[in-house]
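All values below were derived from every heavy atom in this structure, side-chain atoms included, with hydrogens, water molecules and symmetry-related copies excluded. When a ligand or atom number is given, it counts from 1 through the structure's own listing order.
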Amino acid sequence: MARAPDPAPPVPPVLGDPETDGWAGAAARLAEALDGVEGWLPTAQAARLHSAAAAVRAGGRIVEIGSFRGRSTIALALGAGDDVEVVAIDPHAGNDRGPQELDGYEAEAAADHEVFLANLAAASVGGRVRHVRHPSAAAHAEVSGAVDVLFVDGAHRYGPARDDLRHWGARVADGGQLLVHDCFSSIGVTLALLRILTPSSGWCWLGRTGSLAAWERTPVGGAAARVGNVAAQLAQLGWFAGNVVRKVLIAAGLRRGPWPH
Ligand SMILES: C[S@@+](CC[C@H](N)C(=O)[O-])C[C@H]1O[C@@H](n2cnc3c(N)ncnc32)[C@H](O)[C@@H]1O
């Protein structure tokens with residue numbers, strides 16, 4: 001399975017300081033930090049995570065579910081301010097490791113754990129991230145208080161994905177953001193979001209970058225706004241259908257990648 005990181009976008013040869021160069025410097029620093037870090041998160045999606053993290057106020061909290069080898073973790077940690085807690089939850093146990101890797105990947109997951117720690121250290125964010133090595137359902141007691149940015153990219157089967165959105169989503173603070181990977185791409189994740197997020201008037205659709213979709217925890221007031229909120233999400237189903245067809249053809253060997261993300 002191909003899982004090489006996508007080619008880095010063009011960046012200035014000399015990295016800037018985000019404090020003085022603004023977004024161009026931060027984007028260059030992010031692209032350099034992710035260079036060579038394996039995963040399924042394209043750089044444009046990493047940039048979206050980075051900017052969501054950068055908007056978290058001092059004293060706030062970011063929680064990631066599903067870290068793999070650290071691409072998304074690094075993006076979140078580099079975006080977060082010094083006074084923001086960054087928690088990464090991943091059991092690195094060998095289940096639900098990636099596309100078509102549901103069970104029996106214990107040896108690979110042990111390597112993932114080592115590489116995850118090394119990748120964070122290489123990006124100079126090892127000390128910024130608290131890794132909770134549990135499945136998300138067993139990790140609630142390890143995180144206290146509300147969550148300002150929740151990124152969900154753990155087990156993609158319907159049951160655990162639904163539970164992540166329901167139970168961890170309930171911990172997102174008013175005005176906080178929920179970002180979910182493989183939306184309208186993975187069948188399990190898409191059914192889960194259609195069950196938990198789309199019908200809710202407490203989650204306002206913000207849009208998506210590829211399969212990375214975002215919602216804000218805020219009341220969607222008024223019947224017209226609620227209908228518009230649901231309609232905007234249902235409008236993604238055509239793209240979802242195309243992704244399912246592409247995956248079936250790739251899995252059957254009738255089409256070459258890349259796997260849709
Ligand atoms: C698709 S990968 C995550 C990719 C990662 N976000 C990145 O940017 O490269 C899925 C990860 O979820 C983890 N995982 C599987 N079941 C989990 C669970 N119940 N709770 C949290 N993480 C889980 C796997 O160990 C795997 O590392």
[atom]: which protein heavy atom is closest, and how many Å away?
{"atom": "atom 23 (C) of ligand 1", "result": "P91 CD, 3.4 Å"}
{"atom": "atom 15 (C) of ligand 1", "result": "N95 O, 3.4 Å"}
{"atom": "atom 2 (S) of ligand 1", "result": "R97 O, 3.4 Å"}
{"atom": "atom 4 (C) of ligand 1", "result": "D153 OD2, 3.3 Å"}
{"atom": "atom 25 (O) of ligand 1", "result": "D90 OD1, 2.7 Å"}

Main chain of [Y], side chain of [X]: is a donor-acceptor contact present, judged purely on distance under 3.5 Å?
{"X": "D103", "Y": "G94", "value": "no"}
{"X": "R97", "Y": "F68", "value": "no"}
{"X": "R71", "Y": "V37", "value": "yes"}
{"X": "K247", "Y": "G242", "value": "no"}

Atoms of ligand 1 close to [X] [distance to a heavy atom under 4.0 angstrom, numbered from 1]:
{"X": "P135", "value": "18 (C), 19 (N), 20 (N)"}
{"X": "I89", "value": "21 (C), 22 (N)"}
{"X": "G39", "value": "9 (O)"}
{"X": "L41", "value": "8 (O)"}
{"X": "S136", "value": "18 (C), 19 (N), 20 (N), 21 (C)"}
{"X": "I65", "value": "21 (C)"}

Donor on one side chain, acceptor on other, [X] and [Y], under 3.5 Å:
{"X": "W40", "Y": "Q45", "value": "no"}
{"X": "H140", "Y": "W168", "value": "yes"}
{"X": "R48", "Y": "T209", "value": "yes"}
{"X": "N243", "Y": "R246", "value": "yes"}

Check your understanding: Cation over ring, R208 on W239, under 6.0 Å and within 45°?
Key ->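 Cation-pi check for R208 and W239: passes.
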Nitrogen or oxygen atoms of [X] and ligand 1 under 3.5 Å apart:
{"X": "G66", "result": "yes"}
{"X": "H134", "result": "no"}
{"X": "S72", "result": "yes"}
{"X": "F68", "result": "yes"}

Exercise for review: Could you walk me through whether V172 and Q177 pass side chain to side chain contact (heavy atoms under 4.5 Å, CB included), step by step?
Suggested key: CA-CA 7 Å; V172 175; Q177 252 195 74; over 6 Å; no
Backbone, side chain, both or neither: what part of [X] comes under 4.0 angstrom of ligand 1, heavy atoms only?
{"X": "A139", "answer": "neither"}
{"X": "D96", "answer": "both"}
{"X": "D182", "answer": "neither"}

Point to revise | Over 12 foreign heavy atoms within 6.0 Å of CZ, R195 | key: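 No, CZ of R195 has 12 or fewer neighbouring heavy atoms, counting only those of other groups under 6.0 Å.
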Exercise for review: Scan for side-chain hydrogen bond (donor to acceptor under 3.5 Å, both in side chains) pairs involving residues 74-92, sequence neighbours excluded, and state none if there are none.
Suggested key: R61-E85, E85-R130, H92-H113
Review point. Mind checking whether P160 has a heavy atom under 4.0 Å from ligand 1?
Key: no
